[in-house]
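The structure appears below as structure tokens.
One-based numbering along the sequence shown. Note that the structure is a prediction, hence the values are computed from the model and not measured. Both ligands and their constituent atoms are indexed starting at 1 by order of listing.
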Amino acid sequence: MRVRLIDLEAQHAALLPALREAFERVATTARFVGGPEVEALESELGARLGAPHVVGCGSGTDALMLALLAVGLRPGDEVVVPALSFFATAGAVSLLGGIPIFADVDPRTLGLDPTSAAERAASCSRLRAVLPVHLYGGVTELDPLRAIAADRGAALIEDAAQALGARYADGRAVGSAVSDAACFSFYPTKNLGALGEAGCVATADPERAQRLRRLRNHGSDGAYRHREVGWNARLDALQAAWLRVKLTHFDEWGRLRRPNAGEYDRRFCDLGAGPAGSRPEDHTLPVTLPQRPAAQGLHTFHHYVIRVPAARRDALRDALDSAGVDTAVYYPGGLHRETCFEPLGQATLSLPETERACLEIVALPVHPGLQARDRDRVVDAIAQFFLR
Ligand SMILES: Cc1ncc(COP(=O)(O)O)c(C=O)c1O
């Protein structure tokens, strides 16, 4: 049996009766878009996050686009984003006619580096927002980024697509409305995954929440009157109903993920790995551990990502593959170098930490169904590769 990166089949098999019951509930009431299931999910998420308003929507990408429009993004406005993220972080800005301004990441946290963000913001004439990403479910510290945004009259939006369940260092939940808007994805492979596409935006501002609700419905408050142009970014009731089933298991899944990460940390340390931010080649086991959760609050370990010497990363992945272990690289290249962003003229920017990370990172299986024997296989295969 392979050690898989994600095991949704096993998760769903255990939930099938409750998922069927939710399906029948929605099919019977025939409210398929919005309605009571969506409202219930929004209020359950709001209670969990400590966010006054949660607006469900069609995907994490919709969430980003809705949030950007709700803070007033106009074509030609600039948004500082980290170059290490899933494409949608920058794609959402670009689709709305905005200009993603790529900044580097902090090598210890792999979150948006405040020094680089400040430099890049200083080059902007129309800065509308700073958009950090809580990458892999770790937490990017917001205070310095908030200061950069506030200084320029810009908004702070969090891409929390991978970070439902994470906590800032002060204990508050990511999404508890400490920024202007926090955007979540419920893509099936996320820690809380729909059986299709879904997302939400959390915010403290009631007017912004109202605007988000309007924008997700073609800019209409109802009755076919349109105050502004939005699109269909609504959330399906079926997805909401299924997410509500899964939400009741979410804490338990988090409790299972973290010890997997903790055990990896312990075993890699015993074998001579180094802390996040150091260079993998400097250690007996040429591996550095993921971002440091203790200094950053609570990590969700959406992904457990180690770093290894760039020259040996692909051979390590091949060796793990042969040992029956699935791995992935999130993400293989900086967004500033994506072909579609070439016209922005940022491809030649030097963002050394992003570029180095893209060559060194490897995600290992960390899902809640992982067994101790699976972890042993992963660690043993890595030790065998580097130390034999
Ligand atoms: C960091 C990040 N931002 C945005 C998104 C977009 O979310 P979705 O796939 O739900 O549109 C994702 C999810 O894939 C993501 O990981």
Mind checking what makes ring pair (Phe, Tyr, Trp, His ring centres under 6.0 Å) contact with H218, not counting sequence neighbours? none
Closest protein heavy atom to atom 15 (C) of ligand 1, given as residue, atom name and distance to 0.1 Å: A161 CB, 3.5 Å
Check for me, please, whether L289 and V379 land in the same ILVMFWY cluster - side-chain distances under 4.5 Å, paths through other members count. yes
Please list the nearest protein heavy atom to atom 3 (N) of ligand 1 with its residue and the distance rounded to 0.1 Å. D159 OD2, 2.7 Å
May I ask you to check if ligand 1 and K190 share an N or O to N or O distance below 3.5 Å? yes
Any N or O of T61 that comes nearer than 3.5 Å to an N or O of ligand 1? yes
Under 4.0 Å from any heavy atom of S85, which atoms of ligand 1 are there? 1 (C)
I'd like the name of whichever of Q162, M65, H303 reaches closest to atom 16 (O) of ligand 1 through any heavy atom. Q162
Parallel, tilted or perpendicular: which fits the ring planes of H134 and Y168, with parallel below 30° and perpendicular above 60°? perpendicular
Which pair of heavy atoms, one from L351 and one from A83, lies closest together, and at what distance? CD1-CB, 3.6 Å
For S59, the ligand 1 atoms with a heavy-atom partner under 4.0 Å come out as 10 (O), 11 (O)
Contact between G199 and ligand 1, counting heavy atoms under 4.0 Å? no
Any chain of hydrophobic side-chain contacts (each under 4.5 Å) joining V174 to V133? no
Below 3.5 angstrom, do we get any N/O pair linking G60 and ligand 1? yes
In terms of residue, atom name and distance, what is the protein heavy atom nearest to atom 5 (C) of ligand 1? F86 CD2, 3.6 Å
Indicate if V325 and I306 have the same hydrophobic cluster label, given that clusters are the connected sets of ILVMFWY residues with side-chain heavy-atom separations under 4.5 angstrom. yes
D7 and R2 ion-paired at < 4.0 Å: no
